[in-house]
There are 2 protein chains.
Amino acid sequence: MDKLRAMRWFVQVVTQGSFSKVAEQTGVSKSMISKQISALEENLGARLLQRSTRRLKLTQTGQDYLARCRDILAQLDEAEAQVQTLQQTPKGRLKINAAMALGLTALAPAFAEFMRRYPQVELDVHLSDESLDLLEHNFDLGLRVASCSFDTGYVGKVIAHFDYSICASAAYLEQHGPIRTPDDLLNHQCFEYSYFRHKNIWPVGANGVPISGRLKANNSVFILDMVKQGLGVGFIPRFISHQALQSGEVEEVLAEEDKPPMSLYALYPVRHFAPPRLTLFIEFLQQWFAEHGYG
Amino acid sequence: MDKLRAMRWFVQVVTQGSFSKVAEQTGVSKSMISKQISALEENLGARLLQRSTRRLKLTQTGQDYLARCRDILAQLDEAEAQVQTLQQTPKGRLKINAAMALGLTALAPAFAEFMRRYPQVELDVHLSDESLDLLEHNFDLGLRVASCSFDTGYVGKVIAHFDYSICASAAYLEQHGPIRTPDDLLNHQCFEYSYFRHKNIWPVGANGVPISGRLKANNSVFILDMVKQGLGVGFIPRFISHQALQSGEVEEVLAEEDKPPMSLYALYPVRHFAPPRLTLFIEFLQQWFAEHGYG
DNA sequence: TAACTCTATTTCCAAATAGGAAACAATGTG
DNA sequence: CACATTGTTTCCTATTTGGAAATAGAGTTA
């Protein structure tokens, strides 16, 4: 029996409060979790969890053992991190969470380059826009833009700086007239991004401009696509619009106006020793973005 | 792969300096040890041992990892000991070393009683008269009589007190005459015990008596058997002669004379937390011998 | 109270793995 | 230069693992 794995699962079961959740997250069947926890209890000669079908509760013994498990597992990770530091050969898996649009645009080429350079490191990338608890889902790293509400127990580090771009297609501009000052936006189809901090006020000009339009969406890539098709104007992070601007599919307007800066943050758990592959990855990202003009 | 077991084996391999020795002691094939150590290295992505067919040498990484392994494994044992302390249900295996004669006589009934009372505890008893290194062979407990040269890293505790008896068979005494004073021994067939501290001087009377006889042996049980068969007189620990004296097979002579006392020592490794089954076992022995008149 | 839903557990079976015997390779020894 | 000893590899079987599905149990809702 793989006792270490059982211990890891035990810790997860307690933090998740459910066998099934752990099974789902870990990618094994719940029968496995059940069997292994039982085997662990059998092996220890003690019941760790008081189970009912609806609720799990740590026994006194389980409480004590849990703390020791956490400690032991942390030390084990530390030992392996140390080995890899000595070996200079980053290995293992990184479980990464990133916002959907970010992953589909700015991160993809950077990740690809990393994977080419370090063939021993495996990536487990979860793209999602829901802000889920990194700790509970055992993410090694979270990548978020301009989010300052960091999970407790995580460290935030700035990886890159982005800015916004206001985009429209040439066809659209020709049809609806040019945009030369912020106030011109008042008469245009301006698309609202659902999660945008300032809602329907675009932060350009002295006091911002209240915009309106027929489309509101929760995904900037989708909005960009609508812009490409000449349906309106978008306030779009440059890392998303970059390619379309290069290719001429869309044009930037009000480029000279000041727009609020954004930062890409790396969030990772506070640990005594972070595994080398993690620090390596973060440093790699930082350098990659610097080299691509997003320093 | 059972990484914990691999780590244990790795530590053992280093202390023993050999795969084969560990295989023999652990009771698995050497191919297993080899495979598991290799798997551990593979898993870590680092070589731990520099091997030649004749010599093993820790790599720098191995040295670091070894220390952490020791630490982690100790903590794991501690955690499990703690669980069992909370549960009050001693479980697991005790690997015990004891002198041959001791095991065959005094210890056997005590061990049997222990096994009846605590069915969850397994015993792995090694009887041998060679004084081997308890630590290197991973013994939880050593039982030795009057030995004060404790291994380093072990704690010694007195379990019981024995005395000697001078024995002869009724037939022998009838044939060779009675033994009423220490000096009478000079004219008798007195058997010498090879490992006896005082060699051929029996410590009775004012200055001891130099004895001689046709038999010298390194096993008191064997000597007792010779005594039973009427071949001579033996200076025999009472825990060995006890039964024969009770049954009348042999008779005690010079019972009133002072003889040097012996102590039964329990030797066990110094640990932060000894497993409950070990402290339980030692306390049990102590009590058992007290109840049987050897306090 | 009954149907329902979401748990953990058990059962059963196919697939993977563990683990030993023996052949093999390599290195220090006499 | 044989020899003895040690770690590795190979090959094969017995065991174990682990998932799908059935089962069982407890809270929730109609």
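These figures come from a predicted structure and were not determined experimentally. Proteins come first, then strands; the chains are lettered A, B, ... in the order of their sequence lines, and each starts at number 1.
- Heavy atoms of other residues, nucleotides or ligands lying less than 6.0 angstrom from CD of A:E113 number more than 12.
- Taking atom CE of B:M1 as the reference point, atom C1' of C:dA16 lies 17 Å away to the nearest angstrom.
- The NZ atom of B:K35 sits 10 Å away from the P atom of D:dT9 (whole-angstrom rounding).
- Within residues 4-18 of chain B, the residues having any heavy atom under 4.0 Å from DNA chain D are, by residue number, B:S18.
- In this structure, B:V14 and B:L49 have side chains that are in contact, with non-hydrogen atoms separated by less than 4.5 Å.
- The NZ atom of A:K30 sits 10 Å away from the C1' atom of D:dA21 (whole-angstrom rounding).
- Where A:S31 and B:L56 meet DNA chain D, the nucleotide closest to each residue was compared, and B:L56 sits on the side nearer the 5' end.
- By the neighbour-count criterion of 12 heavy atoms within 6.0 Å, atom CD of B:E122 is densely surrounded, having more than that number from other residues, nucleotides or ligands.
- Looking at B:L141 and B:L278, their side chains come closer than 4.5 Å, going by heavy atoms from C-beta outward.
- Side-chain contact between A:F281 and A:P90: absent, with no pair of heavy atoms (C-beta onward) separated by less than 4.5 Å.
- Here D:dT5 presents its C1' atom at 13 Å from CD of B:E24, a figure rounded to the nearest Å.
- The side chain of A:S34 has C:dT10 as its nearest neighbour among D:dT17, C:dT10, D:dG7.
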Give me, pair by pair, the N or O atoms of the protein and of nucleotides 27-30 of chain C that are less than 3.5 Å apart, along with how far apart they are.
{"residue": "C:dT27", "atom": "O4'", "partner": "B:T53", "partner atom": "OG1", "Å": "2.4"}

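- Counting to the nearest Å, the P atom of C:dA21 and the CD1 atom of B:I33 are 13 Å from each other.
- The closest side-chain heavy-atom distance from A:R51 to A:I37 is below 4.5 Å.
- Checked for salt-bridge contact, A:R8 and A:D2 miss the test: no charged N lies under 4.0 Å from a carboxylate O.
- Note on A:E78 versus B:R68: salt bridge recorded, some NZ/NE/NH1/NH2 to OD/OE distance being below 4.0 Å.
- Using a 4.0 Å cut-off between charged side-chain N and carboxylate O, B:E24 and B:K21 make no salt bridge.
- The shortest side-chain heavy-atom distance between A:F139 and A:D124 does not fall under the 4.5 Å cut-off.
- Nucleotide C:dT7 holds its C1' atom 18 Å from the NZ atom of A:K57, rounded to whole Å.
- Each end of the helix from C:dT1-D:dA30 to C:dG30-D:dC1 gets its own axis, taken as the rotation carrying the C1' atoms of four end pairs onto the next four within a five-pair window, and the two axes meet at 30° to the nearest 10 degrees.
- In this structure, A:Q36 atom CD and D:dG19 atom P are separated by 10 Å, rounded to whole Å.
- Residue B:S29 places at least one side-chain N or O closer than 4.0 Å to OP1 or OP2 of C:dG20.
- The CZ atom of B:F19 sits 10 Å away from the C1' atom of D:dT8 (whole-angstrom rounding).
- Taking the side chain as every heavy atom from C-beta outward, A:I96 and A:D140 never approach each other to under 4.5 Å.
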